[in-house]
Structure formats: C-alpha cells, structure tokens
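As the structure is a computational prediction, the values presented were derived from the model and not from experiment. Read the numbers this way: they start at 1 and go in the same order the structure lists the ligands and their atoms.
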Amino acid sequence: MYEKIKLDYNSLMPYIDDKTLDLHYNTHYNNYINKLNELLVKNDYNYIYSMEELVDRIDMFNLEDRGELLFNLGGSLNHELYFYTMSPNKNNKPIGNLKEEIDKQFGSYEKFREEFRKKALELKGSGYTFLVLNNNKLQIINTSNQDTPLSYGFKPILTLDVWEHAYYLKHNAKRKDYINDWFEIVDYQKAEENYNRYKK
Ligand SMILES: [Fe+2]
C-alpha cells in the first residue's frame, strides 16, 4: 500500500492555520491515497513501482479505471510534494544549485517570486502552480485539477496547492494573501534536494 508522507512539523502558524492544515493533510490528502489504494487493489496491483513510476504505467490498468487512477495518483503525488516542501524552519530563501539556477534564469529570487505569484493568480478553477524542470530548464507552470507535471515529462521541484480547500478558512479564499503567506514557509532545503535529484 502507498502511504502518506509524515509531516516533520505540527504547525505552520501563523501562515496556515492549524484547522486548515489538519483538514488538508488528514482529510483531503488521506482521501486521495485511500482511493488510489482501493483502485489498485481492485486491479490486483502488486505495488512494485513507486507512485512516480506508476504515472508512466497507467496503461497497465483497465481502461475504465485509468482516469480515476490518474486523478488519485496525481492527488497523492501533488499533496506529497506540497506538504514536503513546506516547513516552519524559515528555510524560505533558495540555496545551493537551485539558487544559482533561479538567479541565472529569472534574474533574482524576487523576480522569480513575482513570476510565480503571477502564474498562481492566473490559474482558473482548481489546480497547482509548480516549479518544474523541463529539459533541465526551470519553468513555472500551472496544472488543472490533480494533473501531475510528470505526465508531461516535467520534474516537479516545488508546488503551491491552489485548490480552495488549501486557503478557504484563514484566507477566506483570498488567493493573494495565501500566496504571500506560502512564500514564508517554503522549505528551499527540500526544494534543493528535489532539484539535485532531477537535474542531469
Ligand atoms: Fe489540496
């Protein structure tokens, strides 16, 4: 069975309120993982691949289940990345190789942040804003619903969940305030790990 990642923090206050974190992690994220496992068991899957590897192997399953499988697989992977790359530890400025590449490609961290913010505000409906590697180049993209960038061959480094369940309570669905707060709790140490893992 696939499992949720454990959080190495209990709270992200004051940037994300505890109730939202609790609901998001224990209910929403939970539902994606549970539904994914349920569908996989139904399909007699033997859990030999990582969730990431499974994205490219979705055609091994019954046609009628593929859409639902991909939705819940994306929902599991996207939430895993979202929760993993946040922390209250104030590692909120890029470091190392990722910092170097952000400066090179966007000009500065401030300019990168502006571009990320713009992209997240542009997103219509429910989805995610991602920092990805596309052919070894950094790119900021939006995906809809629970689409994972892995489906398009992009490697996800960092993500902002822009579904309303992520910012409905504290931010009263004010996306701008939520984005600003999120920048304070991004953990670039973890983003740097992801970058180094994917960079060729
Ligand atoms: Fe979410």
Side-chain angles (χ1 to χ4, degrees), residues 1-40 50-52 54-55 58 67-89 92 113 116-132 140-152 154-188 190-191 193-194:
M1 293 279 188
Y2 294 124
E3 282 175 22
K4 287 192 301 183
I5 52 151
K6 301 258 183 303
L7 301 185
D8 56 5
Y9 47 86
N10 297 317
S11 175
L12 294 169
M13 285 280 278
Y15 305 106
I16 289 178
D17 61 287
D18 290 343
K19 175 133 199 215
T20 298
L21 181 66
D22 176 43
L23 276 172
H24 201 175
Y25 178 80
N26 288 311
T27 305
H28 293 283
Y29 180 21
N30 233 36
N31 288 344
Y32 287 107
I33 287 271
N34 288 346
K35 186 78 193 161
L36 174 66
N37 282 318
E38 205 178 286
L39 285 162
L40 291 172
S50 67
M51 282 201 288
E52 228 171 79
L54 205 57
V55 174
I58 217 74
E68 192 76 2
L69 267 168
L70 205 51
F71 181 74
N72 288 288
L73 181 57
S76 300
L77 283 165
N78 294 341
H79 281 105
E80 182 176 286
L81 181 66
Y82 173 69
F83 286 115
Y84 183 66
T85 49
M86 291 192 290
S87 90
N89 299 333
N92 56 13
R113 207 169 55 174
F116 198 101
R117 189 199 317 270
K118 216 174 114 204
K119 199 81 190 169
L121 287 170
E122 270 170 26
L123 193 136
K124 303 277 184 288
S126 294
Y128 293 79
T129 302
F130 283 92
L131 175 65
V132 299
I140 301 167
I141 63 159
N142 286 335
T143 68
S144 291
N145 299 315
Q146 291 298 353
D147 281 4
T148 160
L150 292 163
S151 293
Y152 310 111
F154 302 155
K155 307 295 186 192
I157 292 170
L158 195 62
T159 194
L160 172 66
D161 186 337
V162 203
W163 282 59
E164 273 193 7
H165 64 231
Y167 63 104
Y168 192 73
L169 296 176
K170 172 177 187 276
H171 300 94
N172 298 320
K174 289 193 187 90
R175 195 185 290 181
K176 214 174 194 167
D177 297 346
Y178 166 57
I179 298 168
N180 287 339
D181 275 347
W182 176 76
F183 282 124
E184 298 294 322
I185 44 173
V186 173
D187 190 330
Y188 278 99
K190 291 169 175 172
E193 274 172 34
N194 290 339

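Ring orientation note: the planes of H165 and H28 are close to parallel, at an angle under 30° on the 30°/60° scale. Under the 30°/60° scheme for interplanar angles, the aromatic rings of W182 and F116 are found to lie parallel.
Here H24 contributes NE2 and H79 contributes NE2, and at the Fe ion (ligand 1) these two atoms make an angle of 100°, given to 10°.
Residue H28 does not count as close to the Fe ion (ligand 1), with no N, O or S atom under 2.8 Å.
The Fe ion (ligand 1) sits nearest to atom OD2 when only the N, O or S atoms of D161 are considered.
Scored by the salt bridge (Lys or Arg N to Asp or Glu O under 4.0 Å) test, D22 finds no partners at all (sequence neighbours excluded). In this view, D17 satisfies the salt bridge (Lys or Arg N to Asp or Glu O under 4.0 Å) rule with no residue, not counting sequence neighbours.
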